[in-house]
Participant: 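Handing you this structure, nothing more for now.
Proteins come first, then strands; the chains are lettered A, B, ... in the order of their sequence lines, and each starts at number 1. Quantities reported herein were computed from a predicted structural model and do not represent experimental measurements.
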Amino acid sequence: MPETTVETRRLTIAEALREAIAEEMRRDEDVFLLGEDVGVEGGFGGAFGVYLGLVEEFGHERIIDTPISEKAIAGAAVGAAVLGMRPVADMQYADFLFECMDELVNQAAKLRYMSGGKLSVPMVMRAPVGTTLRGAQHGQCPESYFVHVPGLKVVAPSDAYHAKGILKSAIRDDNPVLVFEHKLLYGSKGREAAGGFDLTAEVPTDDYTVPIGKAIIKRSGIDVTLVATHVSLYRALAAADQLASEGIECEVIDPLTLNPLDEQAIFGSVQKTGRLVIVHEDTLTGGWGAEVAARVADDCLAYLEAPIKRIATRDVPAPAAPVLEQAIVPQVETIVATVKEMLG
Amino acid sequence: MTPSKRAEADLPGGASAQADTAAWVEALYRGMLLIRRFEERVYRLFLEGEIPGTLHQYHGQEAVAVGVCDVLRPDDWITSTHRPHGHALAKGVSARAAMAELYGKRTGCCAGKGGSMHLGDPSVGMLPAIAIVGGGNTVVTGLGLAMKLRKSDQVAACFFGEGATNEGAFHEGLNFAAVERLPIVLVCENNLYGASTPYHRVSLVPDVAERAKAYGVPARIVDGMDVLAVRAATAEAVASARTGAGPTLIECKTYRFTGHSRSDACDYRTDDEEAEWAARDPLLVHGARLEQEAIEQLEAGVRAELDDAVEFARSSPLPEPHEALDGVYA
């Protein structure tokens with residue numbers, strides 16, 4: 001977290017992301033933005049308003065409105081990155097990444113390796129995830145598909161401070177980095193009322209970065225380790241509050257980066273607590289939680305006092321009706337009950 | 001004058017320039033001959049078990065790679081396909097580096113990581129070849145976008161087959177290149193078959209050039225068996241791209257003299273059709289512009305270059321197994 005001597009303001013994640021992009025574009029003329037509806041005057045500033053105001057400062061040459069062509073967006077980012085530009089590509093919804101899997105998985109991730117290490121692909125792809133009553137095709141959390149791919153980095157910030165700092169790191173990184181943000185965390189007032197999250201954070205006015213590959217201990221505890229991202233992270237923190245009132249102390253870890261995973265932070269915590277619960281909004285089977293569980297089982301088996309538990313969205317497409325969506329996505333009560341059961 | 005120095009110039013007139021022209025005509029022939037003999041040599045070495053993996057060979061289409069790359073500068077870029085040997089040699093990858101790559105040696109142009117289907121070398125302006133059909137058609141827009149944003153006068157050329165025009169990537173890439181007026185030349189090598197499937201079975205539009213019109217992109221159809229025809233169309237397209245006028249599509253009607261890959265006996269093609277195209281062999285077409293003596297000298301030079309390349313590949317070290325883990329991340 002920022003030092004107390006640093007001047008800060010409270011920003012939403014959307015505002016923090018906007019600042020990160022603007023500052024990087026001022027710092028480095030090779031940085032540019034491309035995507036759908038990102039710079040049209042009178043438009044949306046991207047699907048969630050993150051880019052509002054950028055076209056006024058940087059113009060259409062560097063804020064590029066593309067056709068609805070996700071393959072072209074990703075392919076253009078790959079090609080420009082190969083020549084040393086630092087594109088920030090935008091997917092309006094992470095679900096649309098499946099339209100450009102070839103460009104991301106076969107091209108972005110592999111061109112460096114296929115060239116014998118002679119070139120690099122310094123690009124960023126931003127993509128909003130999360131079930132938000134939009135049904136099956138605008139609510140997926142597909143981070144795990146990309147965690148699986150050698151050559152890609154995957155980050156998943158959950159607050160304004162880390163979102164700004166890690167997006168800057170992603171832009172400066174010489175590898176393709178996918179940045180997944182949760183739609184419920186951008187900071188809309190209406191959603192704040194509905195979700196009850198504290199959606200702003202202190203963000204320094206000075207330039208800073210947050211390293212890729214380093215987890216954050218959000219709360220210290222000795223009884224059980226909770227690893228979670230995005231909305232599930234806030235639910236894990238809420239569960240930890242409830243459990244604390246019953247004398248159970250949870251350690252809550254935001255991995256922040258899903259690939260490369262900060263194993264040492266998680267292993268160290270599990271060695272202390274002996275219990276691990278992973279919570280994510282991606283579906284259960286093959287989700288990144290399985291990878292965390294496998295690595296902890298490999299490395300920390302002797303420390304485990306209970307089986308590792310994964311709490312994830314049920315293995316069904318996201319339904320639209322609010323009551324159905326709530327039934328499949330991890331809730332605070334499930335986390336509390338799971339922890340209590342582990343402690344028997 | 002070397003072919004690259006002659007890029008985009010018209011054929012010179014006047015007596016003093018005729019010697020230059022003759023040398024340039026020979027250089028074009030040599031470029032194609034190198035590819036032809038390289039492919040023949042590689043096929044034999046593959047059958048003898050020296051070269052591992054698989055092969056998609058370029059015999060027959062040499063006029064396209066050589067005609068296009070003769071116009072390009074070293075700082076221009078190309079993307080290639082699963083059939084990249086000809087493109088690589090034409091853009092400037094050495095026969096040594098290409099051959100060593102096929103042998104899986106550390107001295108290969110991709111350090112043994114790419115192999116036949118990913119030949120390439122950024123230092124000569126060639127991405128590792130993209131072996132997903134249509135894959136280069138979106139990536140090339142990024143090359144063009146970087147050139148445009150940096151206000152350079154570089155150009156990116158994208159080689160692809162007629163089969164790629166049924167991929168979404170072709171359409172998304174072409175439209176984006178058009179609306180952004182990117183400095184790109186789209187070079188379609190229409191060799192009539194996507195693996196075994198004839199194009200007329202999978203497209204009601206027989207000419208790929210027609211498809212470009214739908215995106216407001218100018219297109220030309222050229223005889224892909226004549227290196228001068230390919231070169232002339234490319235020179236026009238490249239000049240247009242360099243001045244910011246946007247992309248052009250060149251459809252080269254051509255034919256592969258071998259199967260799609262090493263195991264393909266081409267039973268889906270007729271003998272008559274193959275004979276008809278063999279008579280239009282680009283080496284015959286362009287060879288008619290040279291003296292026989294010159295051709296024999298070029299043959300000898302190419303033979304020596306390939307002897308050297310094979311010897312280099314054979315004697316080069318294999319990568320150490322642990323090198324498989326290197327070069328994933330920057």
Participant: In terms of heavy-atom contacts, does CG of B:Leu318 have more than 12 from other residues, nucleotides or ligands at under 6.0 Å?
Facilitator: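 It does: B:Leu318 CG has more than 12 such atoms within range.
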Participant: Which residue out of A:Asp102, A:Asp174, A:Val121, A:Asp173 racks up the most heavy-atom pairs below 4.5 Å with chain B?
Facilitator: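 With the most close heavy-atom pairs to chain B, the winner is A:Asp102.
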Participant: Does A:Gln137 have more than 12 heavy atoms from other residues, nucleotides or ligands lying within 6.0 Å of its CD?
Facilitator: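 12 or below, so no.
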Participant: Tell me which of these, A:Leu152, A:Ile68, A:Ile73, A:Leu34, has more heavy-atom pairs under 4.5 Å with chain B than the rest.
Facilitator: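 Ranked by heavy-atom pairs under 4.5 Å with chain B, first place is A:Leu152.
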Participant: Check each atom of B:Ala131 against the heavy atoms of chain A and say whether the ones under 4.5 Å are side chain, backbone, both or neither.
Facilitator: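 Answer is neither: B:Ala131 stays 4.5 Å or more from chain A.
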Participant: Distance-only, no hydrogens or angles: does the A:Tyr113 side chain make a donor-acceptor pair with backbone N or O of B:Ala324 under 3.5 Å?
Facilitator: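 Answer holds: yes.
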Participant: Treating B:Tyr329 as the side-chain partner and A:Gly151 as the backbone partner, does any N or O pair qualify as donor plus acceptor under 3.5 Å?
Facilitator: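 Confirmed, B:Tyr329 side chain pairs with A:Gly151 backbone.
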Participant: In terms of heavy-atom contacts, does OH of B:Tyr215 have more than 12 from other residues, nucleotides or ligands at under 6.0 Å?
Facilitator: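 It does: B:Tyr215 OH has more than 12 such atoms within range.
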Participant: If you take all heavy atoms of B:Ala330 and A:Asn175, which pair is closest and at what distance?
Facilitator: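 Smallest heavy-atom distance, with atoms named: N-OD1, 2.6 Å.
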Participant: Given a strict heavy-atom distance threshold of 4.5 Å, which part of B:Arg150 is in contact with chain A: side chain, backbone, both, or neither?
Facilitator: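 For B:Arg150, the side chain is the part near chain A, not the backbone.
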Participant: Got more than 12 heavy atoms from elsewhere within 6.0 Å of CE, B:Met117?
Facilitator: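 At most 12 heavy atoms, drawn from other residues, nucleotides or ligands, come within 6.0 Å of this atom.
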Participant: Please state whether the side chain, the backbone, both or neither of B:Asp326 comes within less than 4.5 Å of a heavy atom of chain A.
Facilitator: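 Only the backbone of B:Asp326 comes within 4.5 Å of chain A.
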Participant: With respect to chain B, which residue among A:Glu103, A:Lys71, A:Glu29 yields the maximal number of heavy-atom pairs within a distance under 4.5 Å?
Facilitator: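 Most heavy-atom pairs under 4.5 Å with chain B: A:Lys71.
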Participant: Do A:Val78 and B:Thr138 come within less than 4.5 Å of each other through their side chains, counting heavy atoms only?
Facilitator: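 Answer no - side chains too far apart.
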Participant: Given side chains that start at C-beta, do those of A:Leu83 and B:Met147 come closer than 4.5 Å, heavy atoms only?
Facilitator: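 Yes - at least one pair of side-chain heavy atoms lies under 4.5 Å apart.
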Participant: Side chains of A:Thr66 and B:Val179: does their closest heavy-atom pair fall under 4.5 Å?
Facilitator: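 Answer no - side chains too far apart.
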Participant: Just by modelled atom types, is the B:Cys109 backbone N or O under 3.5 Å from a matching donor or acceptor in the A:Lys118 side chain?
Facilitator: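 Flag set: sc A:Lys118 to bb B:Cys109 pair under 3.5 Å.
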Participant: With heavy-atom distances below 4.5 Å as the criterion, would you say the side chains of A:Lys110 and B:Val328 are in contact?
Facilitator: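 No, every pair of side-chain atoms sits at 4.5 Å or beyond.
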Participant: For the OG atom of A:Ser115 and the CG atom of B:Leu119, what is their distance to the nearest 0.5 Å?
Facilitator: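 Separation between the atoms: 12.5 Å.
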Participant: What residue, out of A:Gly75, A:Pro176, A:Gly84, A:Ala81, has the most heavy-atom pairs lying under 4.5 Å from chain B?
Facilitator: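 Most heavy-atom pairs under 4.5 Å with chain B: A:Gly75.
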Participant: Nearest 0.5 angstrom please: A:Asn106 CG to B:Ile130 CD1, how far?
Facilitator: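 So the gap between those two atoms works out to 9.5 Å.
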Participant: Answer yes when B:Lys151 and A:Glu61 have at least one side-chain N-carboxylate O distance shorter than 4.0 Å, and no when they do not.
Facilitator: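 A salt bridge is present here (some side-chain N lies under 4.0 Å from a carboxylate O).
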Participant: Measure the CG-CE distance between B:Leu127 and A:Met114 for me, rounded to the nearest 0.5 Å.
Facilitator: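 Result: 8.5 Å between the selected atoms.
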Participant: Tell me, for B:Gln154 versus chain A, whether the close heavy atoms (under 4.5 Å) come from the side chain, the backbone, both or neither.
Facilitator: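 Neither part.
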Participant: Determine whether more than 12 heavy atoms belonging to other residues, nucleotides or ligands lie under 6.0 Å from atom OH of A:Tyr145.
Facilitator: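 Counting other residues, nucleotides and ligands, OH of A:Tyr145 stays at 12 neighbours or fewer.
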Participant: A:Cys100, A:Pro67, A:Ala72, A:Gly117: which one forms the most heavy-atom pairs within less than 4.5 Å of chain B?
Facilitator: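 Option with the greatest count: A:Ala72.
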Participant: By a 4.5 Å heavy-atom criterion (distance strictly below it), what part of B:Ile132 contacts chain A: side chain, backbone, both, or neither?
Facilitator: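 Just the side chain, heavy atoms under 4.5 Å.
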Participant: Based on non-hydrogen pairs under 4.5 Å, which of B:Gly168, B:Pro122, B:Gly173 is most in contact with chain A?
Facilitator: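 Result: the option with the highest number of such pairs is B:Pro122.
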Participant: Heavy-atom pairs under 4.5 Å with chain A: which of B:His118, B:Glu172, B:Arg106, B:Lys113 has the most?
Facilitator: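 Result: the option with the highest number of such pairs is B:Glu172.
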Participant: Looking at B:Thr79, B:Val140, B:Leu149, which one has more heavy-atom pairs under 4.5 Å with chain A than the rest?
Facilitator: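 Among the listed options, the one with the most contacts to chain A is B:Leu149.
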Participant: Counting heavy-atom pairs closer than 4.5 Å to chain A, which one of B:Ala111, B:Cys110, B:Ala146 comes out on top?
Facilitator: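 Looking at each of B:Ala111, B:Cys110, B:Ala146 in turn, B:Cys110 comes out on top.
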Participant: Please say whether more than 12 non-hydrogen atoms of neighbouring residues, nucleotides or ligands are located less than 6.0 Å from NE2 in A:His148.
Facilitator: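 No, not enclosed.
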